[in-house]
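Heads up: the structure comes next, in structure tokens.
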Amino acid sequence: MSLGHKDLLGMQELTSDEIRLVLDTAESMKEVARRDIKKVPALRGKTIINLFYEPSTRTRTSFEIAGKWLSADVINVSTSASSVTKGESLKDTGLTLQAMHPNIVVIRHPAAGAAAFLAGRLAASVINAGDGAHEHPSQALLDLFTIREKMGRLEGLKVAIVGDITHSRVARSNIHGMQKMGMEVRVAGPRTMLPCFIERLGVEVFTNLDRAIAEVDVIMMLRLQIERQQAGLFPSLREYSRLFGLTAERMKAAKPDVLIMHPGPINRGVEIAPDVADGPYSLILNQVENGLAVRMALLYLLAGGGQAG
């Protein structure tokens, strides 16, 4: 089976059935990750290029390991050591990569739409690993996988996404994906960090954290980008933490068994307190582990591999 798309550019383009296919495939891939020898021949002879224009630890490493466990040849292109530093355009970089006949190109880029731009010029499948503040579909898929694994279902669950919604590609992808899977989504943050007309996405909007997290099944905290303070979007880290930081005290406003998520990297003591990040209901490390299985599933489905076993 395949996704029915050449590329994975965003959650907005996926149907609920396609999302379910990725999650179900990831379940079988997770079994591979638990083997002593974590290697299957599914993508032997396939080539995957990781093209990252922004720093990344979790996503880039996750795609690299996922490709290697599937027996693909994985090449990492660091733009700081490539022709990009000499002024090469994304179009020319894409044409150069195309001449090398890869099967999949995984791209992270600071400009929204960069993945779609590249996909329109490559015969290879393109996976969007984050394009500006637009989308980050593999993160949303691993978040959905993690929630389903823990709760046994997605439909009917309530989720609060908290933080800088305006600049968060993780928030956008999760909103699209969660709603398609029948989940109810709330967003919360300072008014300066909430997009105008965000309600049109069908989410409930809060500027008070205690009200936002009441009665939800999952709280997803977003990383606060410290540079936003220089833009005047919030007065100080202390003020942001006081109003929107998730602490053990603030957790009293939530359900006692609420699940805590964070896409990472974490600013401990800013958007989330260390004892909450490391607490019994935190799924943060589960998200990292499940990222491998989900990205294996995406590479397998897009590269048209054979049997994964």
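Note that the structure is a prediction, hence the values are computed from the model and not measured. Counting begins at 1 with the first residue of the sequence.
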Verify, without hydrogens or angle tests, whether Arg169 (side chain) and His136 (backbone) share a donor-acceptor contact under 3.5 angstrom. no
Side-chain heavy atoms under 4.5 angstrom apart, residues restricted to Ile, Leu, Val, Met, Phe, Trp, Tyr: same cluster for Val288 and Met221? no
Does the Lys30 side chain pair with the main chain of Glu27, one donor and one acceptor, at a distance under 3.5 Å? no
Kindly indicate whether the side chain of Phe244, heavy atoms from C-beta on, has any atom under 4.5 Å from the side chain of Leu224. no
Between Glu149 and Asn290, is there a side-chain donor-acceptor contact under 3.5 Å, judged purely by atom types and distance? yes
Asp164 and Leu222, any side-chain heavy atoms less than 4.5 Å apart: no
So Met193 and His167, do their side chains get closer than 4.5 Å, heavy atoms only? no
Ignoring hydrogens and geometry, is there a side-chain-to-backbone donor-acceptor pair from Glu135 to Met11 under 3.5 Å? yes
Might you work through the side chain to side chain contact (heavy atoms under 4.5 Å, CB included) test for Met178 and Ile147, ending with a clear yes or no? CA-CA 10 Å; Met178 288 173 173; Ile147 295 168; 4.0 Å; yes
Check this for me: Arg268, atom CZ, are more than 12 non-hydrogen atoms of other residues, nucleotides or ligands nearer than 6.0 Å? yes
Can you find a side-chain donor-acceptor pair between Glu64 and Asn76 that sits under 3.5 Å? yes
Ignoring hydrogens and geometry, is there a side-chain-to-backbone donor-acceptor pair from Ser71 to Val40 under 3.5 Å? yes
Distance from Ile284 atom CD1 to Met220 atom CE, nearest 0.5 Å? 10.5 Å
Treating Ile, Leu, Val, Met, Phe, Trp and Tyr as nodes and any side-chain heavy-atom pair under 4.5 angstrom as an edge, say whether Phe206 and Ile213 lie in one connected cluster. no
Donor-acceptor check, side chain of Lys150 to backbone of Leu259, threshold 3.5 angstrom: yes or no? no
Under 3.5 Å, is there a donor-acceptor pair between the side chain of Thr61 and the main chain of Thr57? yes
Do the non-hydrogen side-chain atoms of Met251 and Ile260 ever get within less than 4.5 Å of each other? yes
With Met296, which of Leu43, Thr25, Val32 fulfils side chain to side chain contact (heavy atoms under 4.5 Å, CB included)? Val32
Is there a donor-acceptor pair under 3.5 Å between the side chain of Lys68 and the backbone N or O of Lys39? no
For the CG atom on Leu95, are there more than 12 heavy atoms of other groups (residues, nucleotides or ligands in this structure) within a distance under 6.0 Å? yes
Whether the side chain of His262 engages the backbone of Gly264 through a donor-acceptor N/O pair (distance < 3.5 Å, no angle test) should be reported. yes
Enumerate, atom names and distances included, each donor-acceptor pair closer than 3.5 Å involving a side-chain atom of residues 115-126, sequence neighbours excluded.
| residue | atom | partner | partner atom | Å |
| --- | --- | --- | --- | --- |
| Arg121 | NH1 | Phe117 | O | 2.9 |
| Ser125 | OG | Lys6 | O | 2.6 |

Has Arg108 got a side-chain atom pairing as donor or acceptor with Ala129's backbone, closer than 3.5 angstrom? yes
Is Lys255 salt-bridged to Asp217, cutoff N-O under 4.0 Å? yes
Under 3.5 Å side-chain donor-acceptor pair for Thr207 and Arg191: no
Can Leu8 and Leu301 be said to form a side chain to side chain contact (heavy atoms under 4.5 Å, CB included), step by step? CA-CA 10 Å; Leu8 176 66; Leu301 291 168; over 6 Å; no
Between Arg295 and Met29, does the side chain to side chain contact (heavy atoms under 4.5 Å, CB included) criterion hold? Intermediate values first, please. CA-CA 9 Å; Arg295 286 166 180 138; Met29 294 301 176; over 6 Å; no
Could you state whether Leu154 and Tyr281 fall into the same hydrophobic cluster, counting links through intermediate Ile, Leu, Val, Met, Phe, Trp or Tyr residues with side-chain heavy atoms under 4.5 angstrom apart? no
